[in-house]
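What's counted below: heavy atoms across the whole structure, side chains too, no hydrogens, waters or symmetry copies.
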Amino acid sequence: MLSTLKVTSSRVSSTNLGSISHTLSSSSSSSITLWTRFASVSSLKVVWRKDQQLDEAIEQDKVWRLCTRVVKEVLNEPGQVIPLRYLEKRRERLRLSVRINTFLNRNPGLFEVYLDKIKPNTQPVPFLRVSDRLRRFLDEEKRIRDENEQLLVAKLCKLLMMCKNKVVSADKLVHVKREFGFPNDFLCNLVPKYPNFFRLVGSPGEGKSFLELVSWNPEFAKSVIEQRAEEESRLTGIHFRPSFNVKLPSGFFLKKEMREWVRDWMELPYISPYEDISHLDQSSPEMEKRTVGVFHELLSLSILKRMPVPILGKFKEEYRFSNAFPNIFTRHSGIFYMSLKGGIKTAVLREAYQNEQLIDRDPLLVIKDKFVELLAEGHRERANQVKLKREAVWKDMEVVARRDVQLDHEECSDCSDEEL
């Protein structure tokens, strides 16, 4: 029995998508009819609809992402220091729209500015280095990652277990490390600690380095959807089939042929992203079911339950995505949302959000929370400094005004004395 679909739009819920419970017939005529519907999936169009609340969730992280890019740039420098003018030249690559001095004034507490020589015989110039406050955060970040090391190992195993050959390019994994919460040095420090799970072949950065899965752990081979079905069955005593939660945005409307397609597609058995699917045809409805499951699992494993579509596309070969895979995010708008915020396509897992708030929180998300608090602390200090400066200016203006009044009074008195 399928679990009830979560549909927020009254126009969509009236189609009874949530009450689908019929069993697919095994007769040849029924199979032909069903295949005809699935075979025409490429012709089924779903109009993209803007979701302002999920776009706002992405917009809220704009300052945080910008600051983390600048911090990363400084930390990657030798000695974790950099001449300010060198960082100024990298503004375009960092997608920084303001000058470095303006950025530092807006985000105090991240760095300290000091004078030093680039070469022994040159004049001292401004340098940037990590502030004591940021250094304490970095120490706290390391502690949190160490505490969640087993979670990181499980995530890495799952990423490999979903792959076609249980192997992924190391460079690709480095590219998505922040999306899943892996530390910068995970290939050097985390992977070697678990030779029973991982084998690193080649040297990262050379383009021919790969991370292989050494052993299969059945405990990791359960998707979020399968775990949820098991938990619901345990709590209710009723057997639940693994199924996707569908939560269409308010006012969203599906055409009749698309509603019928979704109904029949939802009735297909769930295919775990950890199953062997070498026997499936790339264009089959079962393969689409499996691909949706892979995207659901990847987004569930990510820190923010969303990922840029171009990053997901880097793993096309490993996870057997078709060239038209981005269409899945609009075709299954009740499961995913594809944001165009910032000119970048971002796939968002709808069920992880309540309005613009992320409710499905990863344990590693506390790192982001602490960094945002660090920024907020600096912003409060800056606001207080601006307030104090403004008050000082007003006080100076009041003193000058009183002095002017007193001088005017004295001049009037002098004039009166002369007239007498």
Side-chain angles (χ1 to χ4, degrees), residues 55-142 174-175 177-179 183-185 303-304 308 341-344 346 365-400:
D55 280 345
E56 179 60 25
I58 296 176
E59 181 67 20
Q60 289 175 354
D61 290 340
K62 186 176 179 180
V63 175
W64 164 66
R65 287 192 176 278
L66 175 62
C67 291
T68 54
R69 284 199 300 269
V70 177
V71 169
K72 177 184 175 182
E73 192 72 19
V74 176
L75 292 178
N76 287 339
E77 289 294 308
Q80 298 184 339
V81 299
I82 185 174
L84 191 147
R85 71 186 187 194
Y86 286 7
L87 194 59
E88 180 72 32
K89 294 179 180 179
R90 304 177 189 178
R91 278 174 49 203
E92 183 176 354
R93 178 161 61 82
L94 293 170
R95 301 193 295 279
L96 191 59
S97 60
V98 298
R99 298 181 66 85
I100 291 297
N101 279 327
T102 303
F103 170 83
L104 295 177
N105 290 331
R106 290 180 180 177
N107 301 282
L110 291 178
F111 304 105
E112 294 176 355
V113 180
Y114 68 102
L115 295 177
D116 201 355
K117 295 180 179 181
I118 297 178
K119 295 181 180 180
N121 297 327
T122 60
Q123 293 295 320
V125 297
F127 271 72
L128 285 185
R129 64 187 171 198
V130 175
S131 67
D132 291 339
R133 183 184 301 172
L134 180 56
R135 181 64 63 187
R136 288 193 294 270
F137 162 78
L138 294 173
D139 293 339
E140 180 73 359
E141 178 185 25
K142 184 179 184 307
V174 169
H175 193 71
K177 61 186 176 184
R178 293 189 178 276
E179 305 295 332
N184 292 331
D185 58 356
I303 297 293
L304 296 174
K341 197 70 177 177
I344 300 175
T346 302
L365 195 60
V366 68
I367 295 174
K368 177 201 168 187
D369 295 339
K370 290 183 177 295
F371 187 77
V372 170
E373 177 55 35
L374 183 151
L375 294 176
E377 186 178 347
H379 295 161
R380 288 193 295 268
E381 289 181 359
R382 178 175 177 269
N384 289 333
Q385 291 172 357
V386 171
K387 180 181 178 181
L388 291 174
K389 287 182 179 180
R390 186 181 295 115
E391 291 176 349
V393 170
W394 278 106
K395 287 181 180 179
D396 290 342
M397 292 175 63
E398 290 176 355
V399 170
V400 171

Inset, instruction - Could you give me the CA-CA distance, side-chain angles and deciding distance for Asp116 and Val125, then say whether side chain to side chain contact (heavy atoms under 4.5 Å, CB included) is met? - result: CA-CA 6 Å; Asp116 201 355; Val125 297; over 6 Å; no

Legend entry - Residue pair Leu365, Leu304: steps toward the side chain to side chain contact (heavy atoms under 4.5 Å, CB included) verdict: CA-CA 8 Å; Leu365 195 60; Leu304 296 174; 3.6 Å; yes

Legend entry - Trace of the side chain to side chain contact (heavy atoms under 4.5 Å, CB included) decision for Leu104 with Leu128: CA-CA 10 Å; Leu104 295 177; Leu128 285 185; 3.7 Å; yes

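At most 12 heavy atoms of other shown residues, nucleotides or ligands fall within 6.0 angstrom of atom NZ in Lys142.
Put simply, SG on Cys67 and CG on Leu375 are 4.5 Å apart, with the number rounded to the nearest 0.5 Å.
The salt bridge (Lys or Arg N to Asp or Glu O under 4.0 Å) pairs that include a residue from residues 96-115 are Glu88-Arg99, Glu112-Arg129, where partners are two or more places apart or lie in different chains. Contacts classified as side chain to side chain donor-acceptor pair (under 3.5 Å) and involving residues 371-381 (residues at least two apart or in different chains) are given here: Asn107-His379, Arg133-Glu381, Glu373-Arg380. Applying the ring pair (Phe, Tyr, Trp, His ring centres under 6.0 Å) rule to pairs touching residues 103-142 yields Tyr114-Phe127, Phe137-Phe371, sequence neighbours excluded.
Under the salt bridge (Lys or Arg N to Asp or Glu O under 4.0 Å) criterion, Arg382 pairs with no residue, sequence neighbours left out. Applying the side-chain hydrogen bond (donor to acceptor under 3.5 Å, both in side chains) rule to His175 yields no partners; only residues at least two apart in sequence or on another chain are considered. Take Lys370 and apply the salt bridge (Lys or Arg N to Asp or Glu O under 4.0 Å) test, not counting sequence neighbours, and it matches Glu140. Lys62 is linked by a side-chain hydrogen bond (donor to acceptor under 3.5 Å, both in side chains) to nothing, counting only residues two or more places apart in sequence or in another chain. Taking the side chain to side chain contact (heavy atoms under 4.5 Å, CB included) definition, one finds that Pro308 meets it with Glu179, Pro310, Ile311, Ile344, sequence neighbours left out. In this structure Asp369 satisfies the side-chain hydrogen bond (donor to acceptor under 3.5 Å, both in side chains) test together with Arg361, sequence neighbours excluded. The side-chain hydrogen bond (donor to acceptor under 3.5 Å, both in side chains) search around Asp185 returns Asn189, not counting sequence neighbours. Qualifying salt bridge (Lys or Arg N to Asp or Glu O under 4.0 Å) partners for Asp61, counting only residues two or more places apart in sequence or in other chains: Arg306, Lys368.
Thr102 places no side-chain N or O within donor-acceptor distance of the main-chain N or O of Val98, the cut-off being under 3.5 Å.
The shortest distance between side-chain heavy atoms of Leu87 and Val70 falls below 4.5 Å. Leu66 places none of its side-chain heavy atoms less than 4.5 Å from the side chain of Leu94. Side-chain contact check for Ile367 versus Ile303: every heavy-atom pair is 4.5 Å or farther apart. Side-chain contact between Thr346 and Ile58 is present, with at least one heavy-atom pair separated by less than 4.5 Å.
In this structure, Gly378 and Pro108 approach most closely via the heavy-atom pair O-CG, 3.1 Å. Here the closest non-hydrogen pair linking Val113 and Pro126 is CG1-CB, 4.0 Å.
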Which atom pairs, donor and acceptor, lie under 3.5 Å between side-chain atoms of residues 72-83 and protein residues at least two apart or in another chain?
from  : atom 1 : to     : atom 2 : distance (Å)
Glu73 : OE1    : Arg93  : NH1    : 3.3
Glu73 : OE2    : Arg90  : NH1    : 2.8
Glu73 : OE2    : Arg93  : NH2    : 2.6
Asn76 : ND2    : Lys72  : O      : 3.3
Glu77 : OE2    : Arg90  : NH1    : 2.9
Glu77 : OE2    : Arg90  : NH2    : 3.4
Gln80 : OE1    : Arg135 : NH1    : 3.1
Gln80 : OE1    : Arg135 : NH2    : 2.7

